[in-house]
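Notes to accompany the following structure.
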Protein chains: 2
Amino acid sequence: MHLFKGTFDVLILKTLSWGPAHGYAISRWIGQTSGDDLTIEEGALYPALRRLEAKGWLSAKWKTTETGRDARVYSLTDDGRRALRRELAAWEKYVTAFTRVLQTKPQEAIS
Amino acid sequence: MHLFKGTFDVLILKTLSWGPAHGYAISRWIGQTSGDDLTIEEGALYPALRRLEAKGWLSAKWKTTETGRDARVYSLTDDGRRALRRELAAWEKYVTAFTRVLQTKPQEAIS
DNA sequence: GACTCATACATAAGACACTCATGTATAGCA
DNA sequence: TGCTATACATGAGTGTCTTATGTATGAGTC
């Protein structure tokens with residue numbers, strides 16, 4: 001489905017809050033747990049990870065996975081953990097405000 | 001606050017579902033009812049209205065308001081009403097999926 | 001009469017996250 | 001040998017946004 005830009009960072013951070021993971025696995029996890037309603041394209045995923053790393057929210061190193069492949073494994077930094085808390089709060093605030101607008105019925109015509 | 005791109009159209013459509021209104025009033029209504037948590041900049045507002053009009057979701061005509069000013073008053077078309085229903089459903093589905101990802105705790109490491 | 005504020009619309013420049021397409025490489029399996 | 005899944009990467013293009021700037025006028029204030 002079409003998505004709302006700027007919302008993926010929180011999902012990535014949250015996913016990494018459970019422990020280190022590489023990009024492909026993060027993408028798969030988000031797809032799975034959302035029932036495939038949320039899919040993050042590879043062209044969006046890898047730049048996003050670089051971006052979050054550049055912000056200091058993630059740290060990365062190359063490792064070999066259990067299946068014998070090279071993978072770039074990301075971990076949440078302390079800054080990343082703080083950012084996650086902030087972003088989660090912002091998201092909830094946003095949804096609350098959004099819902100309020102959707103549910104408020106005007107007494108009279110809007111002008 | 002920073003916003004999530006692509007989410008405003010629904011708010012505009014919803015606001016117009018209560019009756020015709022001009023851009024400035026729509027913006028004010030969204031700001032008000034959200035407790036100023038959601039503000040739509042004028043540089044985003046007017047292009048968005050044109051966009052929705054071009055899609056056939058809104059119709060517009062110039063009128064003079066009660067306060068004696070020229071204003072471009074927008075109304076929801078039938079297509080717009082259908083679009084609103086679709087967009088609302090999509091938004092709810094998105095938030096649900098999003099919440100599911102945020103709340104799902106993995107049994108084991110994500111890989 | 002001059003000034004300021006709120007109302008009302010408009011647009012251009014630039015930022016930025018996305019989609020889509022394409023590319024590399026390799027493990028595992030039939 | 002060929003196919004699928006895994007794993008990363010990037011470039012071109014798109015579209016919505018922010019920021020800044022501009023026009024114009026009604027209403028109230030000094």
Side-chain angles (χ1 to χ4, degrees), chain A residues 1-13 15 20-32 36 38-55 57-58 60-74 87 90-91 94 98 110-111, chain B residues 1-13 15 20-32 36 38-55 57-58 60-74 87 90-91 94 98 110-111:
Chain A
M1 73 183 281
H2 83 117
L3 64 60
F4 304 112
K5 300 193 178 182
T7 57
F8 267 159
D9 291 3
V10 203
L11 294 183
I12 293 173
L13 293 174
T15 302
H22 60 270
Y24 198 80
I26 294 171
S27 155
R28 208 165 36 195
W29 171 254
I30 292 174
Q32 263 175 29
D36 278 321
L38 267 28
T39 51
I40 176 160
E41 304 296 331
E42 301 199 323
L45 174 66
Y46 296 109
L49 289 169
R50 299 296 184 149
R51 210 166 55 225
L52 296 174
E53 191 187 356
K55 279 186 180 175
W57 295 358
L58 306 183
K61 44 185 153 176
W62 285 98
K63 285 186 185 167
T64 302
T65 66
E66 297 166 6
T67 53
R69 286 163 185 288
D70 287 347
R72 197 163 166 80
V73 174
Y74 290 91
E87 299 280 310
W91 167 255
Y94 194 84
F98 206 93
I110 294 165
S111 64
Chain B
M1 73 184 280
H2 84 117
L3 63 60
F4 304 113
K5 298 192 179 182
T7 57
F8 267 159
D9 291 5
V10 202
L11 294 183
I12 292 173
L13 294 173
T15 302
H22 59 269
Y24 198 80
I26 294 172
S27 154
R28 209 165 34 196
W29 171 254
I30 292 173
Q32 263 175 29
D36 278 321
L38 267 26
T39 51
I40 175 160
E41 304 296 330
E42 302 199 322
L45 174 66
Y46 296 110
L49 289 169
R50 300 296 183 151
R51 210 165 58 224
L52 295 174
E53 191 187 356
K55 279 186 182 175
W57 295 358
L58 306 182
K61 43 184 155 178
W62 285 99
K63 285 187 184 165
T64 303
T65 66
E66 297 166 7
T67 53
R69 286 162 185 290
D70 287 347
R72 198 164 166 79
V73 174
Y74 290 89
E87 299 280 310
W91 167 254
Y94 195 85
F98 206 93
I110 293 165
S111 64

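Naming: A, B, ... by sequence-line order, numbering from 1 per chain.
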*According to a strict under-4.0 Å criterion, is B:Arg51 in side-chain N/O contact with OP1 or OP2 of D:dT16?*
yes

*If you pin B:Lys55 and B:Gly43 to their nearest nucleotides in DNA chain D, which one's is more 5'?*
B:Lys55

*Are the side chains of A:Arg69 and A:His22 in touch, meaning some heavy atoms are under 4.5 Å apart?*
no

*What integer distance in Å separates A:Leu38:CG from C:dT19:P?*
11 Å

*In whole angstrom, give the distance that lies between atom CH2 of A:Trp29 and atom P of D:dT6.*
16 Å

*Could you check how far CD of A:Glu53 sits from P of D:dC8, rounded to whole Å?*
12 Å

*OP1 or OP2 of C:dC9 sitting under 4.0 Å from any side-chain N/O of B:Tyr46?*
yes

*Output all residues satisfying side chain to side chain contact (heavy atoms under 4.5 Å, CB included) with A:Thr7, sequence neighbours left out; order by chain, then residue number.*
A:Phe4, A:Trp91, B:Phe4, B:Tyr94, B:Phe98

*Take the protein atom CG of A:Leu49 and the nucleotide atom P of D:dA7, then report the distance between them rounded to whole Å.*
14 Å

*May I have the distance from B:Arg72 (atom CZ) to D:dT23 (atom P), rounded to whole angstrom?*
21 Å

*Near DNA chain C, which residues from residues 60-70 of chain A have a heavy atom under 4.0 Å away?*
A:Thr67, A:Gly68, A:Arg69

*asked:* Taking the minimum atom-to-atom distance to the side chain of B:Ala44, which one of D:dT18, C:dA10, D:dA9 wins?
replied: D:dT18

_Is there a side-chain contact between A:Trp57 and A:Arg51 in this structure, where contact means two heavy atoms from C-beta onward sitting under 4.5 Å apart?_
no

*In residues 20-28 of chain A, which residues come under 4.0 Å of DNA chain D by heavy atom?*
A:His22, A:Gly23, A:Tyr24, A:Arg28

_Student check: side-chain heavy atoms of A:Phe8 and A:Leu11 closer than 4.5 Å_ = yes

_Whole angstrom value for the distance that separates C1' of C:dC16 from CZ of A:Arg50_ = 18 Å

*Of A:Glu41 and B:Pro47, whose closest DNA chain C nucleotide lies nearer the 5' terminus?*
B:Pro47

*Taking all non-hydrogen atoms of both residues into account, name the closest pair between A:Thr65 and A:Ala71 and its distance.*
CG2-CB, 3.5 Å

_Would the base of D:dC8 count as contacting A:Glu42 through its side chain, where contact means a donor and an acceptor less than 3.5 Å apart?_
yes

*Between C:dA10, D:dT16, D:dC8, spot the one nearest the side chain of B:Lys5, thanks.*
D:dT16

*A:Phe4 has an atom CZ; how far is it from atom C1' of C:dC16, in whole Å?*
18 Å

*A:Leu11 has an atom CG; how far is it from atom C1' of C:dA17, in whole Å?*
14 Å

_Looking at every heavy atom in both A:Ala25 and B:Ser111, which two are closest together, and how far apart are they?_
CB-C, 3.4 Å

